[in-house]
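Beneath this line is the structure, given in structure tokens, with notes to follow.
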Amino acid sequence: MESIIGDIVNNDLLFGKDKEQGIVGAYQLSDTQIRVFNRNGDSVTHHDDTFFPYFFLSDSSLLDGFVPEGDEKFWLVKLGGSNYYQYLAIFKSWRNYRGALDSLNNRRFGESADQGIQSPAIENSSHIYNKGDAVTQYFLQSGKTLFKGMIFDDLYRMQLDIETNYNPEKRDGASNGIGSDEIIIVSFCDNRGWEAVLHSKMGSERELLKAAVALIGEKDPDVIEGHNIFSFDLPYLQRRCEKYGIPFSIGRNNLPPKTYPSSIRFAERSIDYTFYDIPGRHVIDTLFLVQSYDISKRSMQSYGLKAVAKHFGFASPDRTYVDYKDIAALWENNHAKLLAYALDDVRETRALSSLLSASNFYLSQMLPYTYAMTARIGQAAKIEVLLVREYLRLKHSIPRPTAGQQHSGGYTEVFLKGILGPIVYADVESLYPSIMLSYDICPKSDELKVFPGVLNDLKELRFKAKDRSLKEKECGNKSLADNFDAMQSSFKIVINAMYGYLGFSGGIFNDFAEADRVTSTGQSIAKKMIVEFEARGCRVIEVDTDGILFIPPPEVIRETDERLLVSEVSALMPEGIKIGFDGRYRKMISYMKKNYALLSYENVMILKGSSLTSRSGEKFGRDFVRRGFEKLLSEDIEGLHNLFTEYRNKILNHELDVTEFTKTESLKSTVEQYAEDVKSGKRSKAITYEIAIKNGLRVTKGDRITYYISGTGAGSASYEKGKLSTEWKKEKPDENTHFYLKRLDEHCQKFLPFFKPQDFSMLFSDDTLFSFSAEGIELIRDIRHTESYNPGSDLAL
DNA sequence: ACGGGTAAGCT
DNA sequence: AGCTTACC
């Protein structure tokens with residue numbers, strides 16, 4: 001019987017006398033066949049079209065004499081010089097190791113036929129064993145040459161010794177799975193970006209496109225970057241090329257890109273797109289980089305290039321802005337302006353990539369994935385290949401995922417609510433990774449104990465990189481310091497993902513019990529932290545997983561004393577667990593679990609929590625709540641009333657800008673699917689789809705609709721009054737004032753706990769008969785008792 | 001192709 | 001009750 005892994009082995013990439021030489025070159029015979037060469041000139045024919053994309057151009061002189069002359073299809077891979085590249089090719093050609101594993105496991109053997117594969121015989125790796133019995137299946141060909149002591153130790157540890165000059169404009173790609181030593185990066189944004197690049201070659205569109213394709217060939221970039229490049233630039237250029245019959249040969253050796261549908265997930269959202277696999281090049285979409293960045297930061301309202309550039313502060317003050325609808329006219333009338341605009345797009349994309357691509361760049365040095373692939377895969381995949389790689393190296397079998405679920409998570413509790421201060425914030429440094437290291441967390445199925453080994457190595461690497469970064473900084477070597485900082489942060493990303501991997505149902509090394517052990521240990525540490533801070537006279541306000549907010553005792557006033565207090569408690573924590581001082585604040589409003597406002601000593605407010613900052617609501621509501629909390633913190637009751645009046649009047653007089661009352665929602669299915677589900681009663685009507693239908697929009701999954709509620713009165717269901725934001729006209733505003741006043745009222749409820757009922761209704765009253773006076777209205781600072789009274793809870797006291 | 005739990009708001 | 005958003 002032929003195993004899937006066996007297939008790979010039969011397509012042995014290593015050939016020649018000593019079978020250790022690897023591939024130095026490849027020559028394309030047909031669409032599905034290549035002939036590969038080793039250093040001695042031995043060659044072998046290889047069939048696998050999926051193999052092609054994983055070859056990268058290298059130094060063509062290596063192949064001199066091996067390849068028929070004058071053949072334009074010639075291209076080259078660089079596998080011979082490095083075990084890493086060898087491994088990369090093997091791994092990649094093994095199209096989907098998960099699929100291969102499933103397949104193997106489907107061919108179970110033994111009495112129950114349900115035992116799966118337990119281990120291959122180390123001494124004879126062409127056999128595998130299950131729990132009870134023996135052997136039956138060909139597994140790996142004698143691994144002598146295949147996985148020869150390479151990756152784990154040599155490669156993934158050696159990275160710090162490589163002086164990678166991380167200059168985004170000229171990166172050293174020698175160890176990056178990217179063939180050439182110097183990486184040329186072309187950034188572009190959209191068709192206008194190309195136009196800018198092609199400034200001197202402008203002519204008809206046909207000539208322009210020809211020149212564009214030729215330019216890529218000439219520049220021969222290893223990496224092509226763009227903002228929304230997968231969903232706009234590449235398909236756009238391709239379509240236009242098709243129209244004129246111009247070959248879209250933007251890959252190495254004039255090869256066209258291969259496209260296939262793909263999807264990428266950012267937390268709960270998933271985006272479908274067409275992946276462009278350009279032979280010999282890596283495509284990086286900076287839009288994905290931004291979204292990935294924002295998962296942890298959650299600070300951006302828009303992922304558009306201009307908004308992002310402003311957010312990061314690299315939007316030049318004299319940047320040219322052009323409205324989309326003016327582009328056609330500018331092309332005719334004001335070329336220079338359009339080109340300036342397009343070039344600014346390119347510059348911003350470049351800046352964006354320099355900022356956000358470093359982590360993937362370094363991860364790709366460590367993982368058996370290419371740079372482009374590293375940017376597309378998830379966290380679990382990154383962890384898993386590290387584990388699998390080591391298992392392959394040691395020729396040990398690979399387990400199957402276990403079924404089950406995780407039962408516990410972080411400990412969260414609020415002890416005090418209201419307006420409080422002064423505040424100290426302390427948190428356990430890297431709580432879960434520290435627990436995993438100190439408590440020997442290891443998945444049960446990980447018989448070789450690779451998991452803790454990887455974790456520990458990553459930790460050491462990170463320290464080393466951090467150290468190096470500091471040293472380089474001291475030497476005034478800023479660019480190198482930044483390189484090592486980027487490197488340490490890419491290690492951190494993997495470290496932090498390791499806990500999540502334990503509880504991941506699809507992970508082949510998952511272990512829910514171990515994941516629970518991590519979180520429950522975290523809970524006891526959090527509780528111990530509470531006890532110790534309270535024992536020192538602190539009043540604990542809120543604890544969430546690894547962080548604690550508390551009011552220090554009255555005698556602790558200066559920051560140095562606060563820090564001392566934290567380090568005192570830190571010393572009492574279990575071995576390997578450290579608490580860090582992470583901030584001090586003048587005041588805070590403790591509102592709910594995971595919902596609070598902090599006021600710094602510079603009087604800057606930080607607002608946290610979905611009920612206070614949710615981006616799903618209208619912007620005016622968010623602004624109102626934010627400014628209202630600022631008034632609460634400064635105890636400005638009259639100001640709060642004035643704020644309410646201000647927004648009330650703005651709504652009534654149609655003085656809000658359209659962007660302030662629109663809402664943006666993304667669609668999860670097509671309009672057709674929606675209509676069907678509504679008809680069959682599977683779902684209820686939704687305003688966004690109704691708007692799409694009404695406007696005849698062609699909608700696909702993931703599309704976003706920005707809309708508002710129009711008309712008057714509250715009578716009928718609001719989905720009939722939904723309108724696209726683009727339908728709104730300043731001259732004839734038709735937003736539904738009744739509806740938005742009601743929304744304002746709902747936001748006012750957030751201030752309810754801070755006032756007596758009669759005071760509250762006076763504060764947020766539209767009564768204009770009597771002028772408002774803050775006199776006699778008293779702010780409730782301790783809002784503990786304003787919550788609904790629950791007699792049951794007395795039993796607990 | 002795929003990290004986790006906890007918690008609040010909205011429909 | 002189920003979905004979305006946010007915190008860690």
Side-chain angles (χ1 to χ4, degrees), chain A residues 95-99 102 260-273 275 292 294-299 369 373 376-385 401 405-414 425 427-428 430-433 436 493-512 514-516 518-520 522-523 526 542-549 582 591-596 606-618 621-622 625 663-668 682-688 717-719 743 746-747 749-750:
Chain A
R95 192 184 315 200
N96 177 348
Y97 75 91
R98 297 299 298 270
D102 285 349
Y260 48 89
S262 185
S263 71
I264 187 164
R265 276 178 56 176
F266 299 107
E268 70 287 338
R269 285 192 327 128
S270 101
I271 296 171
D272 293 324
Y273 66 100
F275 180 67
S292 168
D294 199 47
I295 287 178
S296 49
K297 296 285 184 297
R298 302 270 182 187
S299 54
Y369 281 117
M373 197 61 174
R376 300 170 57 219
I377 60 170
Q379 302 285 46
K382 290 178 175 122
I383 308 287
E384 196 160 89
V385 290
Q405 58 186 22
Q406 200 177 329
H407 295 106
S408 62
Y411 173 74
T412 307
E413 196 55 75
V414 169
Y425 183 73
D427 69 351
V428 183
S430 303
L431 178 66
Y432 288 170
M436 290 198 290
I493 289 168
V494 183
I495 289 170
N496 285 335
M498 290 197 74
Y499 150 72
Y501 180 78
L502 288 175
F504 170 43
S505 58
I508 58 178
F509 288 99
N510 65 2
D511 188 334
F512 301 105
E514 283 296 87
D516 279 334
V518 174
T519 53
S520 57
Q523 293 202 8
E542 171 165 353
V543 172
D544 190 351
T545 312
D546 59 351
I548 184 165
L549 285 154
D582 207 30
Y591 183 68
M592 270 185 305
K593 281 182 184 176
K594 299 176 195 278
N595 286 270
Y596 55 86
I606 301 162
L607 205 55
K608 296 264 187 183
S610 61
S611 75
L612 304 175
T613 64
S614 176
R615 288 184 293 178
S616 62
E618 302 87 359
R622 241 178 4 254
V625 170
K663 239 167 119 166
T664 302
E665 285 176 37
S666 49
L667 304 175
K668 302 279 167 297
K682 230 160 104 185
R683 65 171 299 170
S684 47
K685 280 192 176 182
I687 186 162
T688 43
S718 63
Y719 56 75
R743 293 286 294 152
E746 285 163 20
H747 289 298
Q749 298 304 308
K750 308 224 158 83

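Lettering of chains follows the sequences in order, A, B, ..., and the numbering in each one begins at 1. Note that the structure is predicted; figures quoted are calculated from it, not measured.
- For the pair A:Tyr499 OH and C:dC8 C1', the computed distance is 10 Å after rounding to whole Å.
- No contact: A:Ala497 has no heavy atom under 4.0 Å from any strand.
- With distances taken from any side-chain atom of A:Ser610 to the nucleotides B:dG3, C:dA6, B:dC2, the minimum falls on C:dA6.
- Between A:Tyr501 and A:Asp511 the shortest side-chain heavy-atom distance does not fall below 4.5 Å.
- Remark: P of B:dG4 and OH of A:Tyr432 are 13 Å apart, rounded to the nearest angstrom.
- Nearest heavy-atom pair, A:Thr545 versus A:Tyr432, reported as atom, atom and distance to 0.1 Å: CG2-OH, 3.6 Å.
- OP1 and OP2 of C:dT5 both lie 4.0 Å or more from every side-chain N or O belonging to A:Lys608.
- Counting only heavy atoms from C-beta on, A:Ala381 has its side chain closest to B:dC2 among B:dA8, C:dC7, B:dC2.
- Here A:Lys663 lies in heavy-atom contact (under 4.0 Å) with sugar-phosphate atoms only.
- Looking at the side chain of A:Met592, the nearest of the listed nucleotides C:dA6, B:dG9, B:dA7 is B:dG9.
- Contact annotation for A:Gly409: backbone-only contact, meaning every heavy-atom pair under 4.0 Å involves sugar-phosphate atoms and none involves a base.
- When atom types are taken as modelled, the side chain of A:Asp516 and the backbone of A:His407 share a donor-acceptor pair closer than 3.5 angstrom.
- Phosphate contact (OP1/OP2 of B:dA7, side-chain N/O of A:Tyr596, threshold under 4.0 Å): absent.
- Atom pair A:Met436:CE and B:dG4:C1' shows a separation of 11 Å (rounding to whole Å applied).
- In this structure, A:Leu431 atom CG and B:dG4 atom P are separated by 18 Å, rounded to whole Å.
- What separates CD of A:Gln749 from C1' of B:dA8 is a distance of 16 Å, to the nearest Å.
- The backbone N or O of A:Phe512 sits nowhere less than 3.5 Å from a side-chain atom of A:Gln405 that would complete a donor-acceptor pair.
- Contact check, A:Lys594 against C:dC7: no side-chain N or O comes under 4.0 Å of OP1 or OP2.
- When each of A:Tyr591 and A:Asp544 is assigned the nucleotide of DNA chain B bearing its nearest heavy atom, the one mapping closer to the 5' terminus is A:Asp544.
- At the heavy-atom level, A:Ser505 lies nowhere under 4.0 Å from the strands shown.
- Rounding to whole angstrom units, NE2 of residue A:His747 and P of B:dA8 are separated by 18 Å.
- Residue A:Gln406 has its side chain nearest to B:dG5 when only B:dG5, B:dG3, B:dA8 are considered.
- Comparing B:dG9, B:dG4, B:dT6 against the side chain of A:Phe504 picks out B:dG4 as the nearest.
- A donor-acceptor pair under 3.5 Å links the side-chain atoms of A:Lys750 to the main chain of A:Ser611, judged by distance alone.
- Here the P atom of nucleotide C:dC7 and the CG atom of A:Asn595 are 8 Å apart, to the nearest Å.
- Residue A:Asp427 is classed as having no contact, given no heavy-atom separation below 4.0 Å to the nucleic acid.
- To the nearest angstrom, C1' of B:dG4 lies 14 Å from OH of A:Tyr501.
- Of the candidates C:dC8, C:dA6, B:dA8, C:dC8 carries the atom nearest the A:Thr545 side chain, counting heavy atoms from C-beta on.
- Nucleotides C:dC7 and B:dG3 place their C1' atoms 16 Å apart, quoted to the nearest Å.
- A:Lys382 has its side chain within reach of A:Ile377: a pair of non-hydrogen atoms, C-beta onward, lies under 4.5 Å apart.
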